[in-house]
Amino acid sequence: MKKIVYTKYGSPDVIELIETEQPVPSDHQVLVKVYAASVNALDWHRLRGAMGIRLLNGELFKPKEISLGLDVAGRVEAVGNRVTTFQPGDEVFGVTKGSFADYACADEHELVLKPTNVSFEAAAATPVAALTALQALQGRIHPGQKVLINGASGGVGSFAVQLAKSFGTMVTAVCSTRNLDIARSIGADHVIDYTQDDLTTHGQQYDLIFAVNGYNSIFNYRRALCPKGIYVAAGGALAQIMQALLVGPILSNVDSRKLSFMGVAQIEEKDLSAIGAMLESGKVVPVIDRCYPLKATAAALCYLGEGHAKGKVVITWDTHSNA
């Protein structure tokens, strides 16, 4: 089978498409024939060797995990001896390491059945981004609230806008000029063009601010919160992340406004199932910017790394019927 690997940190030029043995699922794993995968910011940061990832994974000088790809959608090829959830032929989607390959093994609890009315590409575009948005919002959001999503046209942000609307809130989306129409099309009630306006100087206050991209001082975000408002950062410039991690807990003790950073999404079966149900009902629809074949994964990573992707960038295989 073919698989994308990288053995050193660098630009997308360092990745290789190799021929390797098909993996064999362990007792609780499922072997998936991959029909679609999608590119996430984490793939980009791993490839480039972001220092935080190097330190966290103990991969200071070169990667130990040489495969790339997390999101996956495809058909079950084989199951481990103790798998009870799936059987060969099932169409599934979810998360597994090394999904930029013809075949990938995944834990059975990191997959759910793909809705029959959803394409493999749409399913593959969903897991990590939608899980991040869902876990950032759930438990913090309530009907009737005012919510601001900064980075609303990206992968996580486009899901966050739709999920926030599904909770019955009034959503303000922040993005660039060229993405305003996309933000409106996925349900944003109001839009702010960050190239023209400073989102924190409008005098408007929000019950929840979710910052996926960009950079604004945490103190500016705090001023834009209602007295009991919540700010959650899940990306953006390094300064934005560090302020959320280090300053957020301190400011949260000053009054009833809470400011925090959300790390990598947890792969929860119940959350994946909830997202699958929303895909099936049409409550959320992935925004897909471009699709690339496996052999053009380097180009897909380059495009994502430029920071201008509208929604998701997807890797596709031409071996299934509903491409």
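Quick caveat, the model's predicted, so the values are computed rather than measured.
No donor-acceptor pair closer than 3.5 Å links the side chain of T316 to the backbone N or O of C291. A donor-acceptor pair under 3.5 Å is absent between the side-chain atoms of K270 and the main chain of A274, judged by distance alone. Of the possible donor and acceptor atoms, one in the side chain of S252 sits under 3.5 Å from a partner among the backbone N and O of L259. Listed for the S38 side chain is a donor-acceptor partner under 3.5 Å among the backbone atoms of A124. The main-chain N or O of V95 is never found under 3.5 Å from a side-chain atom of S99 such that the two would form a donor-acceptor pair. Side-chain atoms of K114 do not come within 3.5 Å of backbone N or O of S119 as any donor-acceptor pair. Under the 3.5 Å distance criterion, the side-chain polar atoms of E110 are left unmatched by any main-chain donor or acceptor of E269.
Residue T169 comes nearest to D189 through the heavy atom pair O-OD2, 3.8 Å, listed as atom of the first residue, atom of the second, then distance. The minimum heavy-atom distance linking V285 with Q162 is given by the pair N-OE1, 2.7 Å. Pairing each heavy atom of N213 with each of G151, the nearest pair is CB-CA, 3.9 Å.
The aromatic rings of Y292 and Y303 sit tilted, their planes meeting at an angle between 30° and 60°.
By the 6.0 Å contact criterion, CD on E306 is enclosed, its count of non-hydrogen atoms from other residues, nucleotides or ligands being greater than 12.
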Pairs of donor and acceptor atoms involving the side chains of residues 139-146, under 3.5 Å and at least two apart or interchain, shall be tabulated with distances.
unit_1: R140; atom_1: NH1; unit_2: Q135; atom_2: O; d: 3.4
unit_1: R140; atom_1: NH1; unit_2: A136; atom_2: O; d: 2.8
unit_1: Q145; atom_1: OE1; unit_2: H142; atom_2: N; d: 2.9

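In summary, E77 and K33 do not engage in a salt bridge, as defined by a charged side-chain N under 4.0 Å from a carboxylate O. For D193 and R178, the salt-bridge test fails: no basic side-chain N is under 4.0 Å from an acidic carboxylate O.
If you check the side chains of Y9 and R48, you find no donor sitting under 3.5 Å from an acceptor. In the model, Y215 has a side-chain atom that pairs as donor or acceptor with a side-chain atom of Q243 under 3.5 Å. There is a side-chain donor-acceptor pair under 3.5 Å between T177 and T195. Using modelled atom types, one finds a donor on one side chain and an acceptor on the other under 3.5 Å when comparing D71 with N40.
Taking Y221 as the reference, Y231 meet the ring pair (Phe, Tyr, Trp, His ring centres under 6.0 Å) condition, with sequence neighbours excluded.
In this structure, CD1 in I218 is found 9.5 Å from CG in L246, a value given to the nearest 0.5 Å. Summarising the geometry, atom CG belonging to L47 is positioned 7.0 Å from atom CD1 belonging to I15; distances are rounded to the nearest 0.5 Å.
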> Does the side chain to side chain contact (heavy atoms under 4.5 Å, CB included) test come out yes or no for E108 and T84, once each step is laid out?
Replying inline: CA-CA 8 Å; E108 68 173 316; T84 59; 4.1 Å; yes
> Could you go step by step and tell me if D207 and R257 meet the salt bridge (Lys or Arg N to Asp or Glu O under 4.0 Å) rule?
Replying inline: CA-CA 9 Å; D207 299 288; R257 288 172 288 187; over 6 Å; no
